[in-house]
Amino acid sequence: MYRIVHFDTLPSTNTYLKQNYKNYDDKTVIICDSQTQGHGRLGRNWESSKDSITMSILLKPNIPIDSLARLSLMTSAVVFEVISKKLNNVKIKWPNDILINNKKISGIILESVISNKVEALIIGIGININQEKFLMDLDSKATSLFLETNIKFNIMTIIEEVIENFEKTYQEYLDNNHNYLNICRMRSAIINNNITINNEDVYVLDIVDNGNLLVKGINGLIYEVSYGEVSLSNIYNKR
Ligand code: BT5
């Protein structure tokens, strides 16, 4: 069972868990109404408000270090499924963005505390729910469930849906059921498209079982990429 711990305000649910994971059990979920210093990858800002979901899931025991990429994709599939119940045209941009019509509705970040093994894995999830606009210069890049549907959603209900689906999918993952990978493949925003990743123009062939992206370079060479920033600019150009 997952236990929810609810705060009014935190700088960041992920940072809070990184600092306090020793005080919490495996499968604790930290949520807050107002996150003041949410972050994404590479120190980037994550805009959050009382109209959005900010949550972090703590996983503690026995997490092999080489499973982080797959858990990251698994979480994308979990969030994808919850949002897809409310909206069509939801896509996953490998590894961790959930998009609607190329606008980002959710971002996910995995952070870990590692000594000689993964002591704690912290899975941060931000989902835009009822925002009517964005403060940062995000209007062209971000969207929310409200902006897409004109419906206001109950935030706590969606948090519970995410946790319930995470619990089910994580158990399937532990049981070696790889359905999350098929979701990431079938609903990928980038497979069979040209993208730029780590400053290289490539064509995306597939996502392989270890979570890596399989790409073809302009020289025809086929190789795997395990980490990087995907730019969709070539997809826009093709339209
Ligand atoms: C992410 O990073 O997309 C991961 C975001 C994770 C946020 C959650 S909230 C709970 C937990 N606590 C935290 O402090 N973080 C996690 P990245 O791929 O680096 O994307 C960041 C970029 O997304 C920014 O540079 C903006 O361009 C854009 N962005 C910022 N806020 C956004 C928002 N609310 N909606 C859509 N895009 C946003």
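The residues of the chain are indexed from 1 along the displayed sequence. One-based numbering, in listed order, for ligands and for the atoms of each. Just so we're clear, the structure is a prediction, and the values are computed from it rather than from any experiment.
The residues K50 and D33 are annotated as not salt-bridged, no charged nitrogen and carboxylate oxygen being separated by less than 4.0 angstrom. A salt bridge does not link K133 with D139: none of the charged nitrogens is closer than 4.0 Å to a carboxylate oxygen. Residues E161 and K86 are paired through a salt bridge, judged by an N-O separation under 4.0 Å between the basic side chain and the carboxylate.
Side-chain contact check for S56 and T13: at least one donor-acceptor pair (N or O, by modelled atom type) lies under 3.5 Å. In this model, a donor atom of one side chain and an acceptor atom of the other lie less than 3.5 Å apart for E111 and N14.
Note that NZ of K91 is 14.5 Å distant from OG of S76, once rounded to the nearest 0.5 Å. Distance check: T28 OG1 to R3 CZ gives 5.5 Å after rounding to the nearest 0.5 Å. For the atom pair OG1 of T157 and CD1 of I129, the computed distance is 10.0 Å after rounding to the nearest 0.5 Å.
At least one heavy atom of N45 sits under 4.0 Å from some atom of ligand 1. The shortest separation from a heavy atom of Q35 to ligand 1 is under 4.0 Å, placing the residue in contact.
Nearest protein heavy-atom neighbour of atom 36 (C) of ligand 1: A142 CB, 3.4 Å. At the shortest separation from atom 37 (N) of ligand 1 among protein heavy atoms lies W46 CZ3, 3.7 Å. What sits closest to atom 31 (N) of ligand 1 on the protein, heavy atoms only, is E47 N, 2.9 Å. Shortest contact from atom 16 (C) of ligand 1 to any protein heavy atom: I109 CG2, 3.8 Å. Atom 35 (N) of ligand 1 has N128 ND2, 2.8 Å as its closest protein atom, hydrogens excluded (heavy atom only). For atom 28 (C) of ligand 1, the nearest protein heavy atom (residue, atom name, distance) is L138 CD2, 3.8 Å. If you check which protein heavy atom lies closest to atom 22 (C) of ligand 1, you get K104 NZ, 4.1 Å. Of the protein's heavy atoms, K141 NZ, 3.2 Å lies nearest to atom 27 (O) of ligand 1.
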Passes side chain to side chain donor-acceptor pair (under 3.5 Å), E172 versus Y180? Steps please.
-> CA-CA 9 Å; E172 287 170 0; Y180 68 91; over 6 Å; no
Steps toward side-chain contact (heavy atoms from CB on, under 4.5 Å) verdict (T149, L87) | CA-CA 8 Å; T149 61; L87 268 179; 3.6 Å; yes
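Set against the non-hydrogen atoms of S12, the atoms of ligand 1 under 4.0 Å away are 12 (N), 13 (C), 14 (O). Atoms of ligand 1 found under 4.0 Å from any heavy atom of T13 (numbered from 1 in listed order, with element): 10 (C), 11 (C), 12 (N). Short contacts between ligand 1 and G38, defined as distances under 4.0 Å to a heavy atom of the residue, involve ligand atoms 14 (O). The contact set between ligand 1 and M55, taken as ligand atoms under 4.0 Å from a residue heavy atom, comprises 10 (C).
Between T54 and ligand 1, no pair of N/O atoms sits closer than 3.5 Å. Backbone and side-chain nitrogen or oxygen atoms of S56 are examined, and none is located within less than 3.5 angstrom of a nitrogen or oxygen of ligand 1. Taking only nitrogen or oxygen atoms, main chain and side chain alike, R41 reaches within less than 3.5 Å of ligand 1.
Residue N199 qualifies as open at atom CG: its count of foreign heavy atoms under 6.0 Å is 12 or below.
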